[in-house]
Engineer: 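If you scroll down you'll find the structure; I have some questions about it.
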Amino acid sequence: MANSTRVREFILLGLTNNPQLAIGLFLILLGIYLLTLIGNMLIIIITLVNAQLYSPMYFFLRHVAWIEIGYMSTIIPKTLINTATGSKSITLAGCLAQMFLYFVLGTTGFLLLAVMSIDRYIAICNPLRYPAIMNEEICCLSVLCCWIGGLSLILGPSILFFQMPYCGHNNVVNHFFCDNGHLIKLSCVDTSLLELIDFMIAVFSLLGTLVVNLVSYIKIVSTILRIPSITGRRKTFSTCASHMTVVFVTYSSCIFMYIRPKGSSNLDFNKITALLNTVMAPLLIPFIYCLRNKQVQDALRTELRQWVGFCKR
């Protein structure tokens, strides 16, 4: 190692080596990225300006939208630049920063989804106590704890990553972004401890928050089934269906990527799974919450009518 040149940049192999396919991928990724930005910004704006949506559920949803914008922006702009220019390089500092932000935002998002499931549990199973329990101070504190939790879980392993040496003969990353699993394989030193820490954090942040979601929704479903009115059951269930869909889409891809037996991965299939996780999940959130939520649809129509009326003056 003493005679090796230290790595100053990595080579990201990206999604494809075919120039014609790269053009199509660039256009698709750019379109999805812009749609995601517009959709999530729409959620943020509508939950801020419309008084009908001043509730804990939409307060948390607004923060989820911010996280999804940051989560996708950590990966996709660099991927678009590399795809458009044909460049495959990323600096060591840029690579480590991308990895750090990716996992901080992702972990914070999982914690926030768990908080949202608890919020729905209290709203449906304890409706009379809901306004007192989920007040503004508790909501703000919950979001703050999610951010602190996400940062705390990722900061320790990231410090180890930042101190880890990478040797010049081994700097090719077979991915379209700097994922921790690929960087571990490129290190010059023994990474057994770091792999164990990463696996434990993945189990806690993924399976731990998934258990919270599952327990909350098992209790919610049992409460819904006791509602005597079919209309009431359908209306109550519809308020949770959007969140349940987001939980399924988000967790299924991440569990496959980060919780699996060592050596069982297929690199090309991992790229597809990572693409679904980093591109499709953030895109689906505004569509799921807007298209399946009548309250959001009504708020959008109200704000649109007011905006059209203002423009006609």
Side-chain angles (χ1 to χ4, degrees), residues 39 43 46-47 50-65 67-68 107-139 141-143 145-146 149 203-256 259 276-277 280-301:
I43 286 179
I46 198 67
T47 55
N50 193 281
Q52 299 177 26
L53 304 181
Y54 288 176
S55 69
M57 175 181 172
Y58 297 107
F59 174 80
F60 294 132
L61 178 58
R62 181 164 65 248
H63 285 275
V64 169
I67 287 174
E68 294 301 333
T107 305
T108 303
F110 287 127
L111 295 172
L112 196 51
L113 286 176
V115 169
M116 290 180 71
S117 69
I118 294 172
D119 170 71
R120 290 299 83 206
Y121 162 72
I122 298 172
I124 293 171
C125 301
N126 297 279
L128 298 179
R129 298 178 59 193
Y130 179 70
I133 296 174
M134 298 303 295
N135 54 51
E136 185 177 356
E137 291 77 12
I138 293 296
C139 292
L141 182 62
S142 298
V143 171
C145 288
C146 289
V203 170
F204 176 79
S205 60
L206 285 172
L207 298 187
T209 54
L210 180 60
V211 168
V212 173
N213 280 284
L214 290 176
V215 171
S216 297
Y217 277 101
I218 288 171
K219 292 182 177 294
I220 287 171
V221 170
S222 65
T223 301
I224 291 174
L225 293 176
R226 291 198 296 268
I227 298 175
S229 168
I230 296 177
T231 304
R233 287 200 298 267
R234 185 180 297 120
K235 182 178 179 181
T236 306
F237 184 77
S238 66
T239 62
C240 302
S242 300
H243 184 73
M244 292 171 67
T245 305
V246 170
V247 167
F248 174 78
V249 171
T250 304
Y251 278 87
S252 57
S253 58
C254 285
I255 288 174
F256 176 82
I259 302 178
L276 291 174
N277 181 54
M280 295 310 299
L283 174 65
L284 287 175
I285 283 178
F287 283 95
I288 289 171
Y289 278 105
C290 291
L291 294 178
R292 292 182 59 88
N293 193 308
K294 189 176 184 301
Q295 196 171 8
V296 174
Q297 293 173 13
D298 292 341
L300 284 171
R301 281 193 288 266

Engineer: Which heavy atom of C254 sits nearest to which heavy atom of N277, and what is that distance?
Structural biologist: SG-OD1, 3.2 Å
Engineer: Could you work out, with side chain to side chain donor-acceptor pair (under 3.5 Å) as the rule, every residue matching Y251, not counting sequence neighbours?
Structural biologist: T209, N213
Engineer: Let me confirm one number: the CG-CG distance from L210 to L113, rounded to the nearest 0.5 Å.
Structural biologist: 10.5 Å
Engineer: Identify the heavy atoms of M57 and M116 that sit nearest to each other, and give their distance.
Structural biologist: O-CE, 4.3 Å
Engineer: Do you know the tightest heavy-atom contact between E68 and P282?
Structural biologist: OE1-CG, 3.2 Å
Engineer: Output the distance between atom OG (S55) and atom CZ (F60), rounded to the nearest 0.5 Å.
Structural biologist: 9.5 Å
Engineer: Can you find a side-chain donor-acceptor pair between N50 and Y58 that sits under 3.5 Å?
Structural biologist: no
Engineer: Run I220 and I224 through side chain to side chain contact (heavy atoms under 4.5 Å, CB included) and show every step you take.
Structural biologist: CA-CA 6 Å; I220 287 171; I224 291 174; 3.6 Å; yes
Engineer: Using modelled atom types and a 3.5 Å cut-off, is there a donor and acceptor pairing between side-chain atoms of T250 and backbone atoms of V247?
Structural biologist: no
Engineer: Any chance you could lay out the side chain to side chain contact (heavy atoms under 4.5 Å, CB included) test for L53 and F59, step after step, and finish with the verdict?
Structural biologist: CA-CA 8 Å; L53 304 181; F59 174 80; over 6 Å; no
Engineer: Compare all side-chain heavy atoms of I118 with those of I122 and state whether any distance is below 4.5 angstrom.
Structural biologist: yes
Engineer: Flag the pair Y121 / V215 as yes when at least one side-chain heavy-atom distance between them is below 4.5 Å, and no otherwise.
Structural biologist: no
Engineer: With a 4.5 Å cut-off on side-chain heavy atoms, are F110 and C146 touching?
Structural biologist: no
Engineer: Do V212 and S117 have side-chain heavy atoms sitting under 4.5 Å apart?
Structural biologist: yes
Engineer: Provide the closest heavy-atom pair for L111 versus G149 in the form atom of the first, atom of the second, distance.
Structural biologist: CD1-C, 3.8 Å
Engineer: For a 4.5 angstrom cut-off between non-hydrogen side-chain atoms, does H63 reach L112?
Structural biologist: yes
Engineer: Which residue, T223, D119, V221, forms the side-chain contact (heavy atoms from CB on, under 4.5 Å) with I124?
Structural biologist: T223
Engineer: When you measure from the side chain of N135 to the backbone N and O of I138, does any donor-acceptor pair fall under 3.5 Å?
Structural biologist: yes
Engineer: Are any non-hydrogen side-chain atoms of M134 and C139 less than 4.5 angstrom apart?
Structural biologist: yes
Engineer: Can you establish whether the number of heavy atoms outside Y54 located under 6.0 Å from its atom OH is more than 12?
Structural biologist: yes
